[in-house]
Amino acid sequence: MKIFSVKKEIIENKKISAGCYRITFESRKIACMAKPGQFLHIKCSDTYDPLLRRPISIHSVENNVIEILYKVVGRGTGLLSEKSCGDSIDVMGPLGNGFDYQSLVTCHLSPILVGGGIGIAPLYFLARKLVEKYSNVTVLIGADAKHNILCVDKLKKLGCRVKVSTNDGSTGINGTVVNLLKKELSPENVKLKIFACGPIPMLKQINRLVSVYNVSSQVSLEKRMACGIGACMGCIIKVKNGYKRVCKDGPVFDIKEVIWEDL
Amino acid sequence: MKIFSVKKEIIENKKISAGCYRITFESRKIACMAKPGQFLHIKCSDTYDPLLRRPISIHSVENNVIEILYKVVGRGTGLLSEKSCGDSIDVMGPLGNGFDYQSLVTCHLSPILVGGGIGIAPLYFLARKLVEKYSNVTVLIGADAKHNILCVDKLKKLGCRVKVSTNDGSTGINGTVVNLLKKELSPENVKLKIFACGPIPMLKQINRLVSVYNVSSQVSLEKRMACGIGACMGCIIKVKNGYKRVCKDGPVFDIKEVIWEDL
Amino acid sequence: MKQLSLDVNIAGIKMKNPVMTASGTFGYGLEYSQLIDIENFGAIVTKTVTLEPRIGNPQPRIVETASGMLNSIGLQNPGAKIFIKEKLPKLKEYEVPIIANISGRNETDFVKLAGLLKDIGLSGLELNISCPNVEHSGLFAQNADTTYKLVNKVRKVTGLPLIVKLTPNVTDVTLIAGAAEDGGADAISLINTLIGMSIDIQTKKPKLANVVGGLSGPAVKPVALRMVYEASKKVSIPVIGMGGIVTSDDAIEFLLAGASAVALGTVNFVNPNTCCEIIDGIKIYMRDNKFNKISDITGRVK
Amino acid sequence: MKQLSLDVNIAGIKMKNPVMTASGTFGYGLEYSQLIDIENFGAIVTKTVTLEPRIGNPQPRIVETASGMLNSIGLQNPGAKIFIKEKLPKLKEYEVPIIANISGRNETDFVKLAGLLKDIGLSGLELNISCPNVEHSGLFAQNADTTYKLVNKVRKVTGLPLIVKLTPNVTDVTLIAGAAEDGGADAISLINTLIGMSIDIQTKKPKLANVVGGLSGPAVKPVALRMVYEASKKVSIPVIGMGGIVTSDDAIEFLLAGASAVALGTVNFVNPNTCCEIIDGIKIYMRDNKFNKISDITGRVK
Ligand SMILES: Cc1cc2nc3c(=O)[nH]c(=O)nc-3n(C[C@H](O)[C@H](O)[C@H](O)COP(=O)(O)OP(=O)(O)OC[C@H]3O[C@@H](n4cnc5c(N)ncnc54)[C@H](O)[C@@H]3O)c2cc1C
Ligand SMILES: Cc1cc2nc3c(=O)[nH]c(=O)nc-3n(C[C@H](O)[C@H](O)[C@H](O)COP(=O)(O)OP(=O)(O)OC[C@H]3O[C@@H](n4cnc5c(N)ncnc54)[C@H](O)[C@@H]3O)c2cc1C
Ligand SMILES: Cc1cc2nc3c(=O)[nH]c(=O)nc-3n(C[C@H](O)[C@H](O)[C@H](O)COP(=O)(O)O)c2cc1C
Ligand SMILES: Cc1cc2nc3c(=O)[nH]c(=O)nc-3n(C[C@H](O)[C@H](O)[C@H](O)COP(=O)(O)O)c2cc1C
Ligand code: FES
Ligand code: FES
């Protein structure tokens, strides 16, 4: 078995900014298998309403301790935020393909991580893995305002170069994370690999940008899911040669593969 | 308006024995209107599952503080037991007719309260009201075992004469609360009024007993409820002259009125 | 800003807002008057009234299900005479249109009832030809012909606005909706309950004494909404939508799907204040979406 | 104590327990094999296979509803060739009976498919004549005649056990069940999904790109149970019950109502370990109630 369905005690469910929480729990099995970019499928209620699990990225794995970082946007995440230390959390995972960062060395590419809003969640785990091997990890973080810029300190602590943007200019540059990315890109500097996660409009802009420079890029996408494991065909997206399942063939896709007009 | 639908903060949700809890909250409106034998209709979940409210008797009213005493038997009461101090509770009430204890004085009757198991819940409120006017309040309490005998101390504190029975003899007499009642009844002593609440078999036995002595008796009955207010006809029972609604025409009925074979 | 208007006129019944009660979930209005201001509703639809009193089905009559409930009340009601003499006069003290929901075993019953209920201050009649909790097998509303004939007969004996209530337990609800319209209905309402069942695995008996019952509540909303959508595309008379409405979003979904008004059923048991919450929600929605009247929302789904 | 036996033989398909997968909720079995031991199931029913590959419906395809979900996958599948060449061989490595669920636009499709799927190691065929997510209006299983004819044609070209899957979107499911039996079905399975809808009130568009979709999950259980009860009283072939099963109590309800086996659908998404939990629960129930075999439970409702 490579995927597990487990019930674990919550070690901590901490509010880390307005509407954002971080849950910590222990699972040796999941921790062993987890790769950056993969996600967990979480049951937020013990009753039949809401019925389905919710996909949440793996934010961090350290020893056997797993963290998720989530934003309250509806009923499922709302119920999750009400859980306390000691309550149990029902998770399935690790699911999905994860980021492909193995090829960086062979191709001599420098990683740039681009996170919009809660999109930073899976990128922190990736950054942790990358700093083990690379000294030149750049992380660009964008949000609407200062209080929604997450993970800056802990990314810096890892040794990453961190740049920040806010739409209201309350911290970092005044603009979006795509503006930050533009500054990193230049015709001379295409020896980059971009890993991006965030809202669709942001990813679409990145797509336009990197197609100009032809920079290798991977994006993590979201779709409403039922099974989370590849069985129900609920979460498909259009790709160059047909349909792919976000849960099983993704959530990480090569930016060139995705039919962006369809999203 | 005589009935209210309110959301209140839970002051305390205390486990008082294995599987039994007591919730305390404040509601001036409900407290003002509440009569012993009436009940509250309680939403146990914020989601659609379970959907319906659960009827729970008013256990005590003191100033504006209301108490309910409940046993965890299923999902609704299970969810209720998980609520903490500070969580909100959604209650509708007071509902139903309540015990008729006004006639005691005029008829020179002594009250005997008979509670089986969690059936003691509404009787404590009744006892509180009775001791304001009568010195001779008897309360008979039965349960399977000692740890499920509830409220003895606080009833004694009110000044009630309390007798206890358990099926396993772990406290009080070895037997049922009906055995206790038998001892109170005698052809000489029919100047009594019985108020009983508990499982149907117990109430049926009481019915047989009092029909011999012709003692005036009121019983509190239970039926699954939807509206709790008399509108849906879901909770009817058969009575001598047709059907009555437990929620609106009851839950307290004259023992002679009920068609016991039908319960 | 323009004045918002929540008024609707359903087949001649003037309501100050499009939120009605669903038959059988609000009694004769009087029980709830102790808890809420029943004049908040756009109209009150009574529990089904039959010609003679009915004692209804044996207990148990109610089972909770996932996000819903089954009922087999069996149309317990005091009969037309007591309705007219005792219930209606009290209900008429409130300033709210009253619609009597009626049912019968056959056409004659319906015709007689419609006759009895003339000129006594009712704002309309709703024909319950879709109650799953009575003996005869096959409901009127499961067959287009019987629906047409019945509606047609009742139409001839009453000048009151005539609402025909349809069952979801059919292969194609548009056929029945069409038949009701052809028969002379002024409006249709749907859905009545879906027929369902539940078994107590310990006693091995059905949980309802009547074996089967009617499923209602949030669980049925997707089916109800689909049927309102289908039926309202088929007929040109107004459609009253119901089935699982709890929030104002739910109510708005029904309006968008094609309903001209909505009715609240099971939710009354769960939260008796829902009517006000829904009206407030609809107002906000209208403001945000620049709709001036309810009919701007009706059928707006793209 | 006597030995408990959970074996069932459904129309010649020998299963070690009565818990199957419901088509479309378990892919071709392979995805779940990374998470659970798929041999735990009594049988595996595949996602619907069609003659040609189908790309299915556009996104969104899934909406959560109260205690349920709507799907409009639209029978996305790689087609019979790839199923036979790539999916089936891997699935056959497991020791569990495999039932291919097939569908088509017309009788010819079904007949061709049944022909293609002979002698390749399948334990049975399930005819999906009840999928709400395809273009043609009106499903085969909404009409007794078309059901009879279709089943009859397929019957002639295959010796495999033939299960016919029925839709709940009908006035009288017993008519269709009877027609399937008369046509030569070895078993029937029900229910497929109820047709439902959901609207996004902000965009005013249906939440499913396909407008309507199929409702499944605990919400539909009362309807499913009622139909299994009705259908199993009508036919003498075995009935496979499904619709909203989550717990062993649910599964037992279906058996009591008349099912000879049950299938798990939506619950696979919620708790992939449900099969084992249900089997354990059934065992305990059998012990407590002194039932020795599954057929002792089937149809035992009083
Ligand atoms: C692979 C993947 C990884 C994700 N990782 C994270 C993460 O690390 N942190 C985080 O906060 N969020 C993450 N999300 C998004 C998260 O799944 C949704 O926010 C969550 O499911 C919303 O559930 P809800 O019940 O609170 O909201 P709902 O009440 O169901 O809906 C509120 C809003 O959320 C959207 N939404 C609901 N369910 C999903 C879903 N399954 N997929 C996408 N959007 C949905 C709805 O369209 C709606 O706009 C991820 C999504 C995917 C697909
Ligand atoms: C007027 C009245 C007053 C009551 N007062 C109290 C009280 O003070 N304390 C207390 O602990 N209990 C009281 N009850 C019983 C209480 O309502 C049920 O125990 C409760 O509804 C069970 O809900 P559940 O979801 O936990 O159980 P479920 O999972 O719904 O069912 C578990 C068991 O409880 C029974 N039950 C469920 N709902 C009801 C209902 N509405 N009425 C009767 N039985 C039901 C079921 O038949 C089943 O056997 C009262 C009931 C009534 C009618
Ligand atoms: C307890 C109960 C009793 C009902 N009685 C009637 C009735 O007498 N006549 C009728 O036409 N519909 C009756 N209905 C159906 C409702 O009016 C409504 O059509 C159905 O419940 C769907 O709406 P809901 O999901 O909002 O409850 C009843 C429903 C319930 C729950
Ligand atoms: C996502 C999804 C896809 C489905 N696909 C199919 C299918 O391809 N063929 C089919 O016969 N039934 C299909 N069904 C219906 C199920 O097999 C089952 O009949 C229905 O979901 C009711 O069972 P449940 O409530 O346990 O899910 C599908 C159901 C779901 C939820
Ligand atoms: S969610 Fe089921 S295939 Fe992706
Ligand atoms: S619960 Fe509705 S009438 Fe009593």
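A quick note: this is a predicted structure, and the numbers were derived from the prediction, not measured. Each chain gets a letter, A, B and so on, in the order the sequences are listed, and its residues count up from 1.
- Formation of a donor-acceptor pair under 3.5 Å by the C:R226 side chain with backbone atoms of D:I195 is found in this model.
- Taking each heavy atom of D:P206 and C:V301 in turn, the nearest pair found is CD-CG2, 3.8 Å.
- At a threshold of 4.5 Å between non-hydrogen side-chain atoms, the residues D:I199 and C:Y229 do not count as touching.
- To the nearest 0.5 angstrom, D:M197 atom CE is 13.0 Å from C:M227 atom CE.
- Among C:A257, C:G196, C:P222, C:A66, the residue making the largest number of heavy-atom pairs under 4.5 Å with chain D is C:P222.
- The structure places NZ of C:K207 at 5.5 Å from CD of D:E253, a figure rounded to the nearest 0.5 Å.
- If you measure heavy-atom distances from D:T65 to chain C, the contacts under 4.5 Å come from the side chain alone.
- Options D:S67, D:A219, D:A224 differ in how many heavy-atom pairs under 4.5 Å they form with chain C, and the most are formed by D:S67.
- Side chain of C:T171 to main chain of D:T171: a donor-acceptor pair is present (N/O by atom type, distance under 3.5 Å, no hydrogens or angles).
- Contacts of C:Y285 with chain D are made by side-chain atoms alone, with heavy-atom separations under 4.5 Å and no backbone atom involved.
- Only the side chain of D:V211 comes within less than 4.5 Å of a heavy atom in chain C; its backbone stays farther off.
- Heavy atoms of C:L70 lying under 4.5 Å from chain D belong exclusively to its side chain.
- Counting heavy atoms of neighbouring residues, nucleotides and ligands inside a 6.0 Å radius, atom NZ of D:K302 exceeds 12 of them.
- Nearest approach of C:K204 to D:L256, heavy atoms of both residues: CG-CD2, 3.9 Å.
- Contacts between D:N289 and chain C at a heavy-atom distance below 4.5 Å involve the side chain alone, from C-beta outward.
- Interface remark: D:L215 contributes side-chain atoms only to the contact with chain C (heavy atom separation under 4.5 Å).
- Remark: C:D200 CG to D:D249 CG distance equals 9.5 Å, nearest 0.5 Å.
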